[in-house]
Peer 1: 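Let me begin by handing over the structure; questions about it come next.
Being a predicted model, the structure only gives us computed values, none of them experimental. For this chain, numbers begin at 1 and follow the sequence in order.
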Amino acid sequence: SLSWRGDRVALALFAHIASPQVRLTKDPNALFFFLDHLRDHSPFRLEDLPTWDTNIEEGIRWGLRLIQADEQLFGKSGNPKAFVVITDGQAWSGTVANALQEARDRHIPVYVVGVGTTAGGIIPAPTGPQETQVGAIRSVLDRPSLVQIAVSGGGEYFEIGREPDRELAFRIIDRAR
């Protein structure tokens, strides 16, 4: 949905830690390459219990560090900046309020996209050899927390499944600009 004319995007997956996948790039193929391969294999060891933690603070802080490093290397960009957090929001740890305040201080809104349902569902157990047995984990959309994060981050809350994904993407990009 980006025009890719001067637009750049970065991508980090986060659980207990942030895992940078794509640094700031103007190349849509770099992003699409990662997304195509994500469905085959998670970058996190699914057997590890911390993998199921949702530490939104860590994801936002990684983004803030990325923007700071980019500005040091290339100077300030005239492009609008925004974070898009895609999560069920359940069991988020860390002090997300501090990271949200840092983003607001830098005039970077945090848009939140909720994934899942309030009824929830069991996350499938990882396949293959397991060193650590992970019990059944139920994922439930924590809408009130996600709305609070979006409002505190100066952004807006969206939810997968309420409208076509493309429309949702266009709305987020429009708001950011």
Side-chain angles (χ1 to χ4, degrees), residues 1-2 7-25 31 34-35 38 42-44 48-118 120 123 137-163 165 167-177:
S1 298
L2 291 171
D7 291 330
R8 295 186 304 159
V9 67
L11 179 68
L13 301 181
F14 62 93
H16 184 68
I17 61 169
S19 176
Q21 303 299 313
V22 179
R23 299 280 181 185
L24 275 171
T25 182
L31 178 67
F34 170 77
L35 291 175
L38 180 61
S42 171
F44 299 110
D48 295 343
L49 198 51
T51 296
W52 302 101
D53 183 22
T54 304
N55 188 342
I56 293 172
E57 175 191 20
E58 182 68 21
I60 293 171
R61 285 201 194 277
W62 177 83
L64 289 166
R65 286 190 306 270
L66 176 74
I67 289 172
Q68 182 179 15
D70 186 69
E71 287 176 350
Q72 288 171 349
L73 291 170
F74 304 107
K76 290 202 180 246
S77 166
N79 289 351
K81 295 166 187 62
F83 294 132
V84 180
V85 176
I86 304 171
T87 180
D88 63 4
Q90 187 178 24
W92 48 289
S93 62
T95 51
V96 70
N98 293 340
L100 291 170
Q101 187 59 52
E102 285 182 55
R104 285 192 79 131
D105 290 347
R106 304 256 339 252
H107 306 288
I108 303 171
V110 177
Y111 297 95
V112 179
V113 179
V115 178
T117 66
T118 54
I123 296 173
I137 298 173
R138 184 174 195 82
S139 174
V140 178
L141 179 68
D142 185 356
R143 189 178 291 131
S145 292
L146 296 179
V147 168
Q148 180 183 3
I149 289 168
V151 169
S152 296
E156 191 173 337
Y157 175 73
F158 301 91
E159 201 166 293
I160 296 288
R162 289 188 174 177
E163 60 187 298
D165 294 350
E167 292 299 317
L168 189 145
F170 283 136
R171 285 183 46 213
I172 293 171
I173 291 168
D174 183 56
R175 301 292 197 288
R177 288 195 172 142

Peer 1: Mind checking whether Q148 and Y157 have side chains closer than 4.5 Å, heavy atoms only?
Peer 2: no
Peer 1: Less than 4.5 Å apart, side chain to side chain, heavy atoms only: is that true for Y111 and L168?
Peer 2: no
Peer 1: Report the C-alpha separation of V115 and E159 in whole Å, then their side-chain angles, then the decisive distance to 0.1 Å, and conclude whether the side-chain contact (heavy atoms from CB on, under 4.5 Å) test is met.
Peer 2: CA-CA 6 Å; V115 178; E159 201 166 293; over 6 Å; no
Peer 1: For V85 and L146, what are the C-alpha separation, side-chain angles and deciding distance, and is it a side-chain contact (heavy atoms from CB on, under 4.5 Å)?
Peer 2: CA-CA 9 Å; V85 176; L146 296 179; over 6 Å; no
Peer 1: Rounded to the nearest 0.5 Å, what's the gap from CG on D70 to NZ on K81? Could you check?
Peer 2: 8.0 Å
Peer 1: List the steps, then state whether side-chain contact (heavy atoms from CB on, under 4.5 Å) holds for D165 with I160.
Peer 2: CA-CA 7 Å; D165 294 350; I160 296 288; 4.1 Å; yes
Peer 1: Keeping to residues at least two apart or across chains, list the salt bridge (charged side-chain N to carboxylate O under 4.0 Å, His left out) pairs with something in residues 97-116.
Peer 2: R61-E102, E71-R106
Peer 1: Measure the spacing between CD1 of I149 and CZ of F83 and express it to the nearest 0.5 Å.
Peer 2: 14.0 Å
Peer 1: Decide side-chain contact (heavy atoms from CB on, under 4.5 Å) for L64 and I108; before the verdict, give the C-alpha distance in whole Å, the side-chain angles of both, and the deciding distance to 0.1 Å.
Peer 2: CA-CA 9 Å; L64 289 166; I108 303 171; 4.1 Å; yes
Peer 1: Looking only at heavy atoms, which two atoms of A103 and I60 are closest? And how far apart?
Peer 2: CB-CG2, 4.5 Å
Peer 1: Decide yes or no for R171 and E156: does some side-chain heavy atom of the first lie under 4.5 Å from some side-chain heavy atom of the second?
Peer 2: yes
Peer 1: In the structure I gave you, are the side-chain heavy atoms of T87 and D142 within less than 4.5 Å of one another anywhere?
Peer 2: no
Peer 1: Heavy atoms only: give me the nearest A82-A176 pair and the separation to one decimal.
Peer 2: CB-CB, 3.9 Å
